[in-house]
Protein chains: 2
Amino acid sequence: MRSHVEPGFEESKNVLNHALRHNELITVYCECEVKYEGRAYSKLERGDRIVIIKPDKTLLVHKPTGRNPVNWIKEGASIRIDAQDHLFITAEAINPREQMIIKISKVMLLNSCQLSDEEEVSIMGSEADMARMLYEKPYLISNDFRPVSLEEQTKYGFIDVMGHDGKGTLIIVECKRVTAGLNAVQQLRRYVEKIMEAKGVSEVIGYIAAPGMTKNSKQMLKDWGYKFIRVEPPMRNIIDKSRQKKLKDYLK
Amino acid sequence: MRSHVEPGFEESKNVLNHALRHNELITVYCECEVKYEGRAYSKLERGDRIVIIKPDKTLLVHKPTGRNPVNWIKEGASIRIDAQDHLFITAEAINPREQMIIKISKVMLLNSCQLSDEEEVSIMGSEADMARMLYEKPYLISNDFRPVSLEEQTKYGFIDVMGHDGKGTLIIVECKRVTAGLNAVQQLRRYVEKIMEAKGVSEVIGYIAAPGMTKNSKQMLKDWGYKFIRVEPPMRNIIDKSRQKKLKDYLK
DNA sequence: TACTACATCTCGCAT
DNA sequence: ATGCGAGGTGTAGTA
């Protein structure tokens, strides 16, 4: 159930429609221009790109550079093919209403194939993993930190780790897996203020736990009386050069 | 300068190396598993995906669903191909140190082609466009708003629109092209406080200009004495259904 | 659905 | 290089 052609527009249209009906993953190497209207407006003049249509009707247009698609419509697009003096791929979405038109002047390669993928990626080293680590190793924050809750969605915000010290004073920890900036400090401030208000207490201790902080945010933290604890996210930089040689062993 | 093969691992390796040397854009439909170590750690068990290697040595692994790659290494990766009992694509980056290994158990399609694209996308309807609109149509904020500066990077932050009212009181406007949330209000607060401190004034008027605000952020805004002005970003929702029929005219 | 915050965010811009 | 914020952000999780 796969196809490779290098066709005229009418033939391309037929191949595309067949692949669309069969929910194949389609890639088109082509010369095209692209217009988008919806959440904004964009125009991309003629050049070589690849167009990807996924089985879930995600549509991507990729330039030959960069990680991100230059244009896209999210899953569930309704896609129409027209062959005239050019080959047109039109994608539409509702909520929000969006429209993309790809005007193809040359098809270099057209491929499609049925793909089956049941697996989901598992990731370690997220902020949640970091919060969990602090919950399990509270001494990383301070010797008398007693964590009570984890990743708690309160009315006042999503608090990474919460607990108290030996004297019962509330402690709120905001984790960042990368260098913390002004935003992180403001987030912490919001949580602390809201909790003080809600619990009717005058003192809450606030921590930023992160591998680092920017200069300004450190100043802000100091101004507002919060504290910074340097913590590396778990599983960071575990690359082991020695293992690279044993490629066969590497992937179990 | 294009190729299509459906080869064994050794042949695939040769084709890939040739394409890599010639900076072609490569797509591989394959059954594979993927391991990533670097800024985090991830593992993706065996399934069908497409692997894309761009001329700038961006590496993407896409599942059959979703807009984003499930695994990736940004431009400039050093890529190595190994053919053994499996076909391996190894990508490495430095700063930060990252490594990705794709272990391919089946190659369904392998394509490469030289692409030439000089054009960059142009977008209208950004936040900057919105700020510009408010600068040019200050009455959208209030009848006596006198804008003075636009998109100004101050020491205290990046202030979208700044000016004063008829009585000379400073006005700061924070624009959001989508529904404003808690973050937007805190941003505004930070700017207002910093400006008050810097100018030594006790009153600065703060505005959020956005198509909408979330409930909590509206409350926060009220609590802190700021104001909300409903403004749609320019070029929003200009899709004209009637034009769709005239496809040929649509793209100039 | 609305709201909130993370992300291997990416990307551009300014210092 | 670092800092900062936008993004057509996307995505997951929760009320």
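A, B, ... follow the sequence lines: proteins, then strands. Residue 1 opens every chain. FYI, side chains are in, hydrogens and waters are out, and symmetry mates aren't considered; it's all heavy atoms of this structure.
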Suppose you measure atom P in C:dC11 against the same atom in D:dT11; what distance do you get, rounded to whole Å? 16 Å

Side-chain N,O (B:Q99) to OP1/OP2 (C:dT8) below 4.0 Å: no

From CE of B:M220 across to P of C:dA5 the rounded distance in Å is 9 Å

A:Q187 vs C:dC6: side-chain N/O to OP1/OP2 distance below 4.0 Å: yes

Any side-chain N or O of B:N183 under 4.0 Å from OP1/OP2 of C:dA5?
no

Self-check item: Main-chain N/O of B:A180 paired with B:S217 side-chain donor or acceptor, under 3.5 Å
Solution: yes

Original post:
Do A:K194 and A:K199 have side-chain heavy atoms sitting under 4.5 Å apart?
Top reply: no

| message | Just by distance, no angles: are the side chains of B:Q219 and B:D223 close enough, under 3.5 Å, to form a donor-acceptor pair? | response | yes

Between CZ of A:R177 and P of C:dA5 the distance, given in whole Å, is 18 Å

B:Y191 side-chain N/O to D:dG5 phosphate OP1/OP2 under 4.0 Å: yes

Separation of D:dA15 atom P from A:E152 atom CD, nearest Å, is 10 Å

B:I123 CD1 to D:dA6 C1', in whole Å, measures 11 Å

Worksheet item: Does a donor on one side chain and an acceptor on the other come within less than 3.5 Å for A:D56 and A:T58?
Response: yes

Rounded to whole Å, the CD-C1' distance (B:E151 to C:dT15) equals 17 Å

For D:dG8 versus C:dA5, give the span between their P atoms, rounded off to a whole number of Å. 22 Å

Please state whether the base of D:dG5 and the side chain of B:E127 form at least one donor-acceptor pair under 3.5 Å?
no

Q. Is B:F158 stacked on the base of D:dC4, with ring centres under 5.5 Å apart and planes under 30° apart?
A. no

Q) What nucleic acid atoms does B:V121 come within less than 4.0 Å of, heavy atoms only: base, sugar-phosphate, or nothing? A) nothing

Comparing nearest nucleotides in DNA chain D, the 5'-proximal residue of the pair A:G181, B:A128 is A:G181

Fill in: Heavy-atom check, side chain of A:R189 versus side chain of B:R189, under 4.5 Å
yes

Within less than 4.0 Å of OP1 or OP2 of D:dC4, is there a side-chain N or O belonging to A:T214?
yes

Subject >> Phosphate OP1/OP2 of D:dG10: any A:K74 side-chain N/O under 4.0 Å >> reply: yes

Of the listed D:dG5, D:dT9, C:dC6, the closest approach to the B:R190 side chain comes from D:dG5

note: A:L150, atom CG; D:dG13, atom P; distance rounded to Å ~ 15 Å

Rounded to whole Å, CG of A:D129 lies from P of C:dC6 at a distance of 14 Å

Classify B:S126 by what it touches in the nucleic acid, base, sugar-phosphate, or nothing, heavy-atom distance under 4.0 Å. sugar-phosphate

Should we say atom CD of A:E75 is surrounded by more than 12 heavy atoms from elsewhere, each under 6.0 Å from it?
no

Whichever of B:E174 and A:K215 has the more 5' nearest nucleotide on DNA chain D, that residue is A:K215

Counting the atoms with a prime plus P, OP1 and OP2 as sugar-phosphate, which does A:E120 contact under 4.0 Å by heavy atoms, base, sugar-phosphate, or nothing? nothing

Per atom distances to the B:N216 side chain, the nearest of C:dC3, D:dT9, C:dA5 is C:dC3

Check: A:N68 side chain, D:dT9 base, donor-acceptor under 3.5 Å = no

- N or O in side chain of A:K176 less than 4.0 angstrom from C:dA7 OP1/OP2: no

Notebook entry, point to check: Around atom NZ of A:K57, are there more than 12 heavy atoms of other residues, nucleotides or ligands at under 6.0 Å?
Noted result: yes

**Asked** Between the side chains of B:Q99 and B:Y36, does any donor sit under 3.5 Å from an acceptor?
**Response** no

Using atom P of each nucleotide, how far apart are D:dA6 and C:dC6 to the nearest Å? 16 Å

Rounded to whole Å, CD of A:Q186 lies from C1' of C:dA5 at a distance of 15 Å

**Report entry** N or O in side chain of B:R67 less than 4.0 angstrom from D:dG7 OP1/OP2
**Finding:** no

Testing D:dC4, D:dA1, D:dG7 for proximity to the side chain of B:N95, the answer is D:dA1

B:L182 has its side chain closest, among D:dG3, C:dC6, C:dA5, to C:dA5

| message | Once you apply a heavy-atom cut-off of 4.0 Å, does B:E75 come out as touching a base, just sugar-phosphate, or nothing? | response | nothing

For C:dC6, take OP1 and OP2 only and decide whether either is under 4.0 Å from a side-chain N or O of B:R39.
no

Check: Taking OP1 and OP2 of D:dT9, is either one under 4.0 Å from a side-chain nitrogen or oxygen of A:W72?
Finding: no

